[in-house]
Amino acid sequence: MTVEFVNATFPIITVSILIPLIAAGVVFFTDEKHAKPISIITSIIVFILSTFMLFTYDYSTYAIQFYEKYSWIPFLGVSYEVGVDALSLTMVWLTAISFVAAFVWSTNIQKRIKEYFIAFLILEAACIGVFVSWDMVWFYIFWEAMLIPMFLIIGVWGYAERIYAATKFFIYTFFGSLFLLIGVVGMYIYQFVEKGILSTSYFDLVNLGLPFRLEIIFFLLLALGFAIKVPMWPFHTWLPAAHVQAPTAGSVILAAVLLKMGTYGFVRFSLPWFPEASKYFVPVMFALGVIAIIYTAMMAIAQTHIKRLIAYSSVSHMGFVTLGTFALNMEGMNGAIITMISHGFTSAALFLAAGFIYERVHSYEIKDLGGLARFMPVFATLFMISAMASAGLPGLSGFVGEFLALLGTFKASVITAVLAGLSLVVGAGYTLWLYHKAMFKESELPNEKIEKWEKLKDMNTAELLSFLPLVIMMFVIGIYPAWWIRLIETTSAAILSKFIGG
Amino acid sequence: MSVLQELVAGLGAPDFSVVVPEIIILLTAFTIFAIELFTKARFLISVITVFGLLLAGIVIPFTPEGETFYGLYQVDTFSLTFKFFLVMTSFFVVIIMRPYLEAKNTYYGEYYYLLLFSLLGMMMMVSSPNLITFYVGIELASISMYILAGMYRKDYLSKEGAFKYLIMGGTGTALISYGIALIYGRTGSFDFSTIATSITSGNLDVGAVGGLAILLIGLALKASSVPFHFWTPDAYQGATTPITAFMAVAAKIATFAVILKIMVEAFPFAYPVWTLGWALLAAASMIFGNFVALRQDNVKRMLAYSSIAHSGYILAALASPTDFAFTALIFYSLVYIFMGLGGFIFLSAMERQYGWSNHINDFKGLAKRSPVMALFMLVYMFSMLGIPPTVGFFGKLGVFIALIGSNIWWLAVVLVVMSIISAGYYLRIVIYMYMHEPTSKARFNFSLGEAFALAFMATFILILGIYPTLFWDISGYLTAVLLQNIGK
Amino acid sequence: MELTGTAFWVFSSLAVLSAFGVVFFRNIVYAVLSLISTLIMVSGLFFTMGAELIGALQILIYAVAIVVFYVLVISTVPEFKGKAFQTKYMVISIPVGMLIFVELAIVSLFGAWKSNTGVFTPDVVKEVGNVKAVATMLFTKYLFPFEVASLILLVAMIGSIVIGRKEHVIDEEAEG
Amino acid sequence: MVPYEYYVALSGLLMVLGLIGVAIRRNIIALLISTELMLNAVNIAFVAFDMKLGDVGGQVFVFFILTIAAAEASVGLGLIMAIYRLRKDVDTETLTELKH
Amino acid sequence: MEYLWIIPFSPLIAFIVIGLFGYKFLREPLSGIIAVVAVAISAVASVIGFIQVAATGGYYNLKLFTWMPLGDYQISVSILWDPLSALMTCVVTVISTFIFIFATGYMKNEPSYPRFFAYLSLFVFMMLMLTLSDNLVQLFFGWEGVGLASYLLIGFYHHKSSAADAAFESFITNRVGDWLFLTGTILAFVTFGTLDYLEIFNKLPEASYWVITAIALLLFGGAVGKSAQLGLHIWLPNAMEGPTPVSALIHAATMVAAGVYMVARLMPIFAASDIALDVVLFIGTASAFIAATMGLVQNDIKRVIAYSTMSQLGYMFAAEGLGLFREGMFHLASHAVFKALLFLAAGSVLIGIHHILNIQKMGQLRKYMPITAITFLIGALALAGIPPFAGFFSKDPIIEGAFEISKAVWFFLWLGAGLTAFYIFRLYFLVFEDGDRLDPHVKKHVHESPPSMIIPLIVLASGAVVLGFFKEFFGNFLKPSLDPAHMPFLREETKVLVEEGLSRAHHVHMAEDALHFLIHSLTSPIGILALITAVLGIFTAWVIYQLQKISAKEIARTFKPLYLLFYNRWYFDFVYYAVFVFGYYKFSRILWYIGDKVIIDGVVDGSAKTSLVAGDGLRLLQSGNIGAYITQMAVGILIFLGIFLLFV
């Protein structure tokens with residue numbers, strides 16, 4: 001894999017990482033009442049920067065763009081090396097937009113405002129960092145650094161069992177990432193021993209040419225780290241716990257951005273680094289993907305808690321990404337990437353919806369809800385769109401990715417694709433079941449509830465504003481995916497270059 | 001007569017220029033000793049100590065390298081660097097000690113000069129090219145510390161801890177000296193270089209291995225490595241907290257440095273023996289320290305167990321006899337200063353506050369009562385846990401790379417798994433600080449020294465976490481120096 | 001030659017015997033007395049090996065000075081009541097200790113110990129005398145550790161005073 | 001002449017006895033005495049090796065060990081006094097407030 | 001012909017406008033007017049296009065934009081305008097226009113008035129995307145889109161549990177079909193490397209028979225779901241929970257017809273596999289018969305008509321399975337007209353008697369609402385296949401054609417036709433004639449419906465009367481799309497393949513011209529038999545429900561098992577509920593408890609707990625007793641020294 005680099009004329013990526021950090025510092029030292037505007041403005045600036053990158057990115061050939069590299073720890077051969085290809089770029093952009101939504105949503109936060117926004121700003125920097133780093137040490141630093149703010153977000157601003165959830169989230173993902181670290185360090189050592197190169201750069205490690213046995217070992221080590229983050233079945237149990245307890249904005253980021261890191265890892269590292277092992281493990285990955293899709297869909301419908309249901313649905317959707325990734329063909333890869341983006345929007349919107357319901361009704365239990373559609377029509381509409389996008393309705397973003405991923409999977413394994421396609425049924429099942437129970441069926445409500453809920457307010461401006469970009473993006477991707485496909489196509493081809501040639 | 005004359009003839013006068021820092025420390029200690037006889041001006045005593053330490057710290061970079069005392073004392077970059085950090089550690093302990101001692105109404109001047117004597121012992125340890133100097137150095141340091149640990153007035157626990165420390169430490173001393181005796185019998189010398197040339201990989205016999213083993217056990221005891229760690233939690237818990245900080249950081253660092261020095265300079269060719277030994281000890285320390293720390297409610301004791309675990313992490317590097325591993329060990333030792341000091345100084349500062357008992361419940365809602373302090377503690381905890389962007393990560397990473405680089409996968413996996421276990425108790429503190437409601441609203445007050453020390457540690461942890469090259473380069477250079485000394 | 005051989009066996013067996021006494025005498029006073037006995041036997045061993053200075057110092061410092069210390073303390077602390085031994089640890093530690101001794105004995109007997117590498121061959125020692133040889137080295141080459149040793153003693157002295165001295169506060173509390 | 005190895009072995013025996021003493025005695029004064037025993041054992045080994053080598057370094061080292069033994073004894077006895085004052089007892093069983 | 005894009009997008013614009021501004025600005029009349037105007041524009045445009053294509057007989061493919069590149073192939077949003085899609089589009093838009101007009105009256109004073117019209121517009125837009133598509137993905141888009149719109153519309157009264165449940169059920173059931181459909185689409189792409197119909201048709205000879213069969217069957221699976229054929233039909237009767245115009249829209253022209261249209265649209269694929277055709281035939285016949293039996297005994301006015309829809313769709317599929325694609329499409333068109341008529345008439349009735357659905361509580365309504373009654377009667381006659389109404393001309397050819405191809409199929413279709421006549425007239429007599437069972441309170445308020453509802457009824461009724469006579473025109477018109485010999489876009493190889501598949505219909509010889517057909521069927525035994533059966537059905541209904549010579553209850557008692565079987569809809573609903581709803585849910589709950597909570601979380605949390613227990617155990621070693629410490633240390637020394645000595 002040979003890669004071209006286009007150096008950045010202006011260190012836009014570094015600036016994107018630094019701005020939230022600086023803003024965090026500013027928030028720390030200023031008055032509490034400035035925290036919200038500063039954070040929102042920061043996130044918007046980052047969003048503008050990433051959008052600028054998105055539109056100036058040249059997708060005609062594969063090259064790492066906005067590339068910066070500075071020597072950092074020469075002793076270990078570590079450099080600060082950032083840049084984007086289309087995969088990174090879309091992820092960064094997804095991060096930026098999710099954070100805008102999260103920040104705008106968070107205007108109703110009342111508890112420990114300063115800390116809250118500081119945690120989120122640091123989280124934003126770390127999330128962007130994960131996607132743009134091409135040096136494994138930096139990648140790992142961001143990968144882990146993100147745990148701290150997320151841990152606090154869940155633990156401090158969460159609900160009743162937040163401590164259990166936060167600890168589980170932290171330790172479980174930490175567990176995975178340490179195995180990831182073992183793998184990367186192992187490769188680093190191998191590179192040093194075999195080639196005499198002391199480097200943690202992605203581009204050096206990608207051309208390692210490991211023997212098959214080692215490929216298997218390293219693949220498994222990395223896969224464990226990524227699988228927990230994704231999360232793939234059976235490493236998924238931290239996710240429902242974390243989602244249920246996390247505050248709304250935390251859930252949004254968790255679902256929209258953090259889960260993507262695992263799948264990003266598979267796409268970015270597992271495939272190009274371990275082509276033989278990846279091929280070898282395709283059946284396993286397919287099996288896990290299908291189990292994730294079907295099994296967690298069943299888990300989802302068994303839930304009585306809105307957020308847990310959505311959390312399981314995330315696991316289910318991630319199954320498609322796994323399938324698409326390991327289909328090892330262009331359709332699958334494009335599908336995986338599009339699903340990642342799309343899931344970012346849909347799950348974020350669904351969690352916002354859950355948070356909104358809680359804001360109004362003060363319950364996440366499905367049995368306490370019902371008939372909300374009449375009291376809050378605007379919300380009902382947006383929720384419906386999000387639910388439908390999540391269920392993979394054509395014309396919305398979810399379908400594009402699922403279709404491509406299924407197509408790619410079908411080429412690799414018919415039975416897997418057919419089973420995975422069942423998600424069309426079961427996925428719609430739990431999504432609509434949730435909608436059905438929460439929004440419809442007013443006639444089953446007791447009268448006092450109806451009287452009380454008559455006075456419920458529909459969405460306010462902040463809530464609407466945080467919802468809208470997500471919903472708009474569902475349409476944009478759903479109606480005109482061609483633009484996105486073209487954007488990522490060269491990147492997909494480059495990632496798959498060891499499988500499909502060229 | 002002629003033999004003696006021949007032996008004595010070439011000696012001449014020792015070169016005192018290379019021991020200026022030690023002399024400054026010694027003089028400071030004596031000055032305080034003298035002053036205390038006449039005045040109880042506590043402020044003066046602190047200021048003189050701080051001044052002496054500062055002076056020593058400033059002098060160290062300008063101290064010439066060389067050997068003195070007829071080859072019994074070796075001053076090189078390795079020892080100077082460690083001396084600098086030891087002095088720095090003592091400096092931070094000293095600047096936070098005064099408010100603590102006053103609040104606890106315990107002895108005063110004794111703490112200062114005993115601490116300086118102990119520091120002097122440690123400086124000798126890291127400067128030793130020779131088992132004799134090492135031995136007297138470690139004993140000076142140890143005996144001073146037995147006293148420091150037991151000096152908490154009116155406090156029985158302090159005495160108990162100190163007595164356990166003394167008995168165990170005495171046993172350790174006996175083991176070390178027995179080991180030295182065997183080595184001496186095997187090689188006919190105390191000098192590292194002679195020992196190194198006498199014991200080669202080809203002629204490892206029971207004598208050499210036995211001597212090395214017993215010496216190693218003694219050193220492991222001083223470094224509180226499992227199963228020779230038993231004094232650690234008790235002594236740490238019993239001692240006054242600034243002294244705990246000193247014991248847990250300065251003594252540890254000096255011990256690690258000297259262990260490294262002895263292993264590398266005195267037994268370079270016996271590495272198959274000691275790598276295995278340290279690997280086993282390290283694994284045991286990590287496992288025991290982390291598991292037991294999980295169940296501690298007293299945070300001070302928890303940190304004591306955590307320091308046992310950290311001994312494991314650091315010593316694990318010795319399982320791999322490569323220059324990279326030595327660098328990693330030095331790096332981890334140096335950065336451990338910041339985390340260890342941070343944690344214990346934090347406790348020391350808190351212990352002065354009303355109603356503080358170091359119980360985990362006291363941490364409830366700390367983030368609300370004192371957000372900045374809680375933030376610092378958070379940084380220390382995550383650094384000990386090894387989460388980037390704190391420097392603890394790079395400490396573990398270095399050891400980790402070293403282990404994998406030498407194909408010691410099993411120990412690497414133990415390290416990883418134990419790091420995960422350790423998340424349980426480090427996070428617990430963070431959880432109590434951030435995720436529980438405070439039980440009281442009372443504000444805390446901190447002295448300038450405490451605030452400065454805590455802020456310094458936290459800042460440095462983060463700075464090093466972002467730019468570890470600063471210390472990697474130092475560590476790498478020290479390793480080079482160490483390796484040059486072999487057989488010299 | 002025979003004499004030293006016999007002396008070794010006598011002194012060593014007595015030393016071991018009295019060491020057993022130190023460990024196993026229930027009464028602490030007997031234990032201290034056994035310690036003196038051991039120390040003297042050890043110094044005897046030193047003499048048999050020809051280390052006169054150390055042998056003398058052993059008796060002076062240990063057998064006299066230190067043991068006096070112990071006796072003082074024992075006389076301050078009233079008679080120890082209750083069991084002298086922790087039987088549950090005896091069960092483990094005595095066999096374990098014996099096994100360690102086996103290991104140590106293997107080390108001692110089969111170690112490839114060096115001999116006659118130093119300059120102080122028996123002839124030289126006979127010429128200058130053990131005392132002079134040791135003393136000269138102690139005050140020339142090993143002056144530095146010697147000074148440090150004095151520092152250690154100073155520290156220990158301060159320490160025992162600081163820790164061991166009666167504390168008024170406590171006494172007041174006890175009275176009040 | 002008895003081989004010096006016997007002396008070393010003897011020192012090993014005394015060492016182990018000291019260790020056993022520390023382990024099994026309940027009177028903390030006896031613990032301290034046992035550590036003295038251990039240090040003494042080392043002395044034998046040192047002198048034996050010294051003599052075998054024809055060096056004086058071992059004897060010099062013995063001198064330091066003596067010093068340190070004395071220092072430890074004095075500190076230890078000071079601690080014992082303090083403990084006795086505070087608890088009116090010198091039993092290891094009562095010396096277990098710091099545990100787990 | 002670029003103006004064609006206006007056909008689908010006019011309703012879309014209406015949907016967006018009403019959706020965004022409906023509640024705030026447009027409110028009651030304006031929303032409806034916009035929707036009607038929009039769909040009318042579509043109708044006009046499609047009629048113009050229809051005329052154009054009728055004149056030329058060619059086809060026209062308009063690519064609007066590339067939706068997604070897929071390797072070398074590009075999925076585009078496009079319009080394929082040929083006779084088939086033109087016919088279907090016209091049916092959809094024209095019928096929709098009348099339904100929309102009707103709905104402006106029906107939905108009067110409804111609080112969610114704008115929402116209703118927004119959904120209706122969306123529905124029509126999706127349906128048009130489906131009909132106009134030139135590739136499978138766009139078809140699937142519309143396919144799912146009508147599913148969504150029907151979900152929204154069936155659940156329009158979502159505060160009612162039953163409506164919400166019905167909507168949910170409809171969507172999920174449809175999704176099962178869609179799953180098969182999507183799989184078929186993917187298989188088609190993998191096989192042919194393209195999704196455009198025309199390219200697929202031309203590449204057909206290159207694919208193996210079994211792959212084509214698989215594709216056809218999978219796609220037909222989608223049609224089974226969408227057109228509520230046997231197996232996935234359970235949603236259809238329950239979908240009656242939506243407002244009546246919705247029922248009309250779903251049943252007459254849009255959603256359910258989509259399956260039939262799709263099979264016709266992809267006729268070459270189906271024709272290339274006789275297994276596929278047989279399956280279509282079998283499912284269609286079974287549905288036609290079984291739905292008719294279910295319709296016999298229902299008491300809900302709309303459900304009876306719903307079962308008749310399912311039954312009639314069965315006829316259409318049967319026709320397609322027989323190879324009589326043009327007949328099937330013609331029946332679709334005529335059925336659209338009279339079924340819309342029936343539903344709207346039923347809606348008019350419901351408005352008159354305030355939404356009482358049970359036909360046992362109606363009666364003698366003809367007195368109060370004569371126009372409704374007459375138009376309903378026309379619709380019923382058309383459905384029963386009485387000449388000269390449209391149903392006769394479209395349904396009889398199917399039955400007669402079946403006789404010449406397969407006697408068994410003919411038997412069931414024939415029997416079904418008789419049952420159809422019976423149950424629709426049972427309905428007619430119970431509702432409009434018969435005794436007076438109306439609630440007195442209701443009776444006071446019963447009145448004829450307003451003109452906005454009556455006019456569509458009249459128009460549709462006239463359509464039902466005259467449409468049959470255009471049989472020949474439609475037959476010829478559809479030839480370029482459904483007769484291989486005339487299809488301009490097929491390769492020769494494909495033509496051969498398709499001809500071969502359709503050969504089963506070759507020995508059917510029926511008069512194209514409507515009058516000749518009428519004469520033929522009134523003279524041939526089969527035609528007479530069919531007619532007599534229909535009349536017999538009507539007569540029986542008359543005897544039982546009007547004259548009441550035979551007690552319906554008596555019959556029910558006599559044939560109790562059969563009655564129960566029919567009444568309980570052959571127990572499909574019960575089994576499905578037990579297995580797929582209750583069973584699936586309970587199984588999920590159990591799996592969640594065992595799989596996730598006990599096993600997986602047990603391992604995860606268990607390892608944490610194990611650590612804590614290990615910590616509790618290990619800390620006991622630190623007992624505080626120096627003796628213990630030294631003992632343990634001694635053990636350590638022993639072990640370490642031993643290991644080291646072994647090393648030598």
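Quick note on labels: first sequence line is chain A, next is B, and so on, each numbered from 1. Computed from heavy atoms alone, side chains included, the values below leave out hydrogens, waters and symmetry copies.
- Residue contact with chain E, scored on non-hydrogen atoms closer than 4.5 Å, involves the side chain of B:L221 exclusively.
- When the heavy atoms of residues 606-642 of chain E are compared with those of chain B, the residues falling under 4.5 Å are E:S611, E:L612, E:A614, E:G615, E:D616, E:L618, E:R619, E:L621, E:Q622, E:G624, E:I626, E:Y629, E:I630, E:Q632, E:M633, E:G636, E:I637, E:F640, E:L641, listed by number.
- Most heavy-atom pairs under 4.5 Å with chain E, from the set B:G424, B:A213, B:A284: that is B:A213.
- For B:L204, the part lying under 4.5 angstrom from a heavy atom of chain E is the backbone only.
- Within a 6.0 Å radius of CZ in E:F65, more than 12 heavy atoms belonging to other residues, nucleotides or ligands are found.
- Chosen from B:A208, B:P272, B:A293, B:G210, the residue pairing most often with chain E at heavy-atom distances under 4.5 Å is B:P272.
- Interface remark: of the candidates B:F228, B:F291, B:F230, B:F230 forms the most heavy-atom pairs closer than 4.5 Å to chain E.
- Under a cut-off of 6.0 angstrom, the local environment of NZ in E:K63 is crowded, with over 12 non-hydrogen atoms contributed by other residues, nucleotides or ligands.
- Interface residues of residues 165-179 of chain E toward chain B, defined by a heavy-atom distance below 4.5 Å: none.
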_Test side chain to side chain contact (heavy atoms under 4.5 Å, CB included) on E:F644 and B:L276; report intermediate values, then the result._
CA-CA 9 Å; E:F644 276 52; B:L276 177 70; 5.5 Å; no
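- Residue-environment remark: OH (E:Y73) exceeds the threshold of 12 foreign heavy atoms within 6.0 Å.
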